[in-house]
Amino acid sequence: MTLRGTRPNPAQWLWYAVGGRLPQRCNPWVLHDVTCRTWAVRHFVRGFVQMSPILLLLLLPGPLYIRILSILLGMFVGYFYSMTYMWHTTEQRLVKQGFPRGLGEQTRRAKHAETDARAKAAYERLYRGNS
């Protein structure tokens, strides 16, 4: 098995996008999904899938501009909350798959430990006068 594990099929991914649990064989993929370099973009796409039913407002009667503005406002509010709770939501996805809470943040932090250490050292040199 690769580091990324077994990818879910499209129906499984749709179920996962709306909050469902995937089979155990997909666990490595889920860990990769919420900790890879593009994890925030992936979360954004899942959010769009969750909010896509709002597009049905286009089918309602009434002025088009009101329907479009309603959709935009709904998407704005939805994305505000989705991005605000992004870290909690991704951790919850891992817990749902059987991983311990905090593993996502720990994995993301470990991937950037060297870069963070260099940035901290540069900050210390510049603003604290440490050599």
Side-chain angles (χ1 to χ4, degrees):
M1 183 183 330
T2 66
L3 175 64
R4 295 182 185 170
T6 304
R7 290 182 59 92
N9 65 41
Q12 288 173 326
W13 184 87
L14 190 59
W15 174 245
Y16 169 75
V18 297
R21 187 177 186 285
L22 291 175
Q24 289 293 117
R25 62 181 161 65
C26 295
N27 278 1
W29 180 86
V30 172
L31 181 61
H32 170 77
D33 184 54
V34 299
T35 61
C36 68
R37 184 176 51 84
T38 58
W39 73 278
V41 174
R42 290 168 179 247
H43 179 79
F44 190 85
V45 170
R46 285 191 303 269
F48 180 78
V49 168
Q50 291 173 352
M51 290 183 277
S52 61
I54 200 169
L55 296 174
L56 293 174
L57 289 176
L58 287 173
L59 301 176
L60 292 176
L64 182 62
Y65 77 95
I66 290 178
R67 292 179 282 163
I68 289 174
L69 289 175
S70 298
I71 290 169
L72 291 176
L73 181 60
M75 296 290 267
F76 175 76
V77 170
Y79 272 121
F80 174 79
Y81 282 104
S82 178
M83 296 298 126
T84 300
Y85 294 103
M86 179 169 52
W87 290 270
H88 173 75
T89 304
T90 55
E91 288 298 328
Q92 191 58 35
R93 285 182 183 280
L94 289 174
V95 168
K96 193 179 285 186
Q97 288 298 125
F99 290 105
R101 187 170 302 282
L103 180 64
E105 180 64 26
Q106 179 184 0
T107 304
R108 285 189 296 270
R109 199 172 277 165
K111 287 180 179 180
H112 301 289
E114 187 178 317
T115 305
D116 291 344
R118 281 195 309 259
K120 183 178 180 183
Y123 174 86
E124 293 291 333
R125 277 193 311 276
L126 186 62
Y127 294 107
R128 303 287 185 222
N130 297 345
S131 298

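- Side-chain contact between L22 and N27: absent, with no pair of heavy atoms (C-beta onward) separated by less than 4.5 Å.
- Residue pairs satisfying the side chain to side chain donor-acceptor pair (under 3.5 Å) criterion with at least one member in residues 81-94, sequence neighbours excluded, are listed as follows: H43-S82, Q92-R101.
- With hydrophobic clusters built from ILVMFWY side chains whose heavy atoms lie under 4.5 angstrom apart, V77 does not share a cluster with L72.
- Atoms OG1 and CG, on T107 and L94 in that order, are 7.5 Å from each other to the nearest 0.5 Å.
- R118 and E114 are joined by a salt bridge, as a carboxylate oxygen and a charged side-chain nitrogen come within less than 4.0 angstrom of each other.
- In terms of modelled atom types and a separation under 3.5 Å, the side chain of K96 and the main chain of G19 share a donor-acceptor contact.
- Closest non-hydrogen pair, I54 versus G74, comes out as CD1-CA, 3.6 Å.
- Closest heavy-atom contact between P100 and V95: C-CG2, 4.5 Å.
- Going from atom CG of L55 over to atom CD1 of I68 covers 11.0 Å, rounded to the nearest 0.5 Å.
- Residue R21 places its CZ atom among more than 12 non-hydrogen atoms of other residues, nucleotides or ligands, all under 6.0 Å distant.
- The CE atom of M75 sits 7.5 Å away from atom OG of S52, with the distance rounded to the nearest 0.5 Å.
- Nearest heavy-atom pair, S70 versus L57, reported as atom, atom and distance to 0.1 Å: CB-CD1, 4.1 Å.
- For the atom pair I71 CD1 and M51 CE, the distance stands at 12.5 Å (nearest 0.5 Å).
- Both V30 and W13 are assigned to one and the same hydrophobic cluster, defined by single-linkage of ILVMFWY side chains at heavy-atom distances under 4.5 Å.
- Placement of V45 and V34 within a single hydrophobic cluster is found when ILVMFWY residues are connected by side-chain heavy-atom separations under 4.5 Å, directly or transitively.
- Remark: I66 CD1 to L73 CG distance equals 12.5 Å, nearest 0.5 Å.
- R42 and D33 get closest at one heavy-atom pair: NH1-OD1, 2.9 Å.
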For Y16 and R46: C-alpha separation, side-chain torsions, deciding distance, then whether side-chain contact (heavy atoms from CB on, under 4.5 Å) applies.
CA-CA 9 Å; Y16 169 75; R46 285 191 303 269; 3.9 Å; yes
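- Taking the side chain as every heavy atom from C-beta outward, H32 and R7 never approach each other to under 4.5 Å.
- The line from CZ of R67 to CG of L69 is 11.5 Å long, rounded to the nearest 0.5 Å.
- Judged purely by atom type and a 3.5 angstrom limit, Y79 uses its side chain to pair as donor or acceptor with the backbone of F48.
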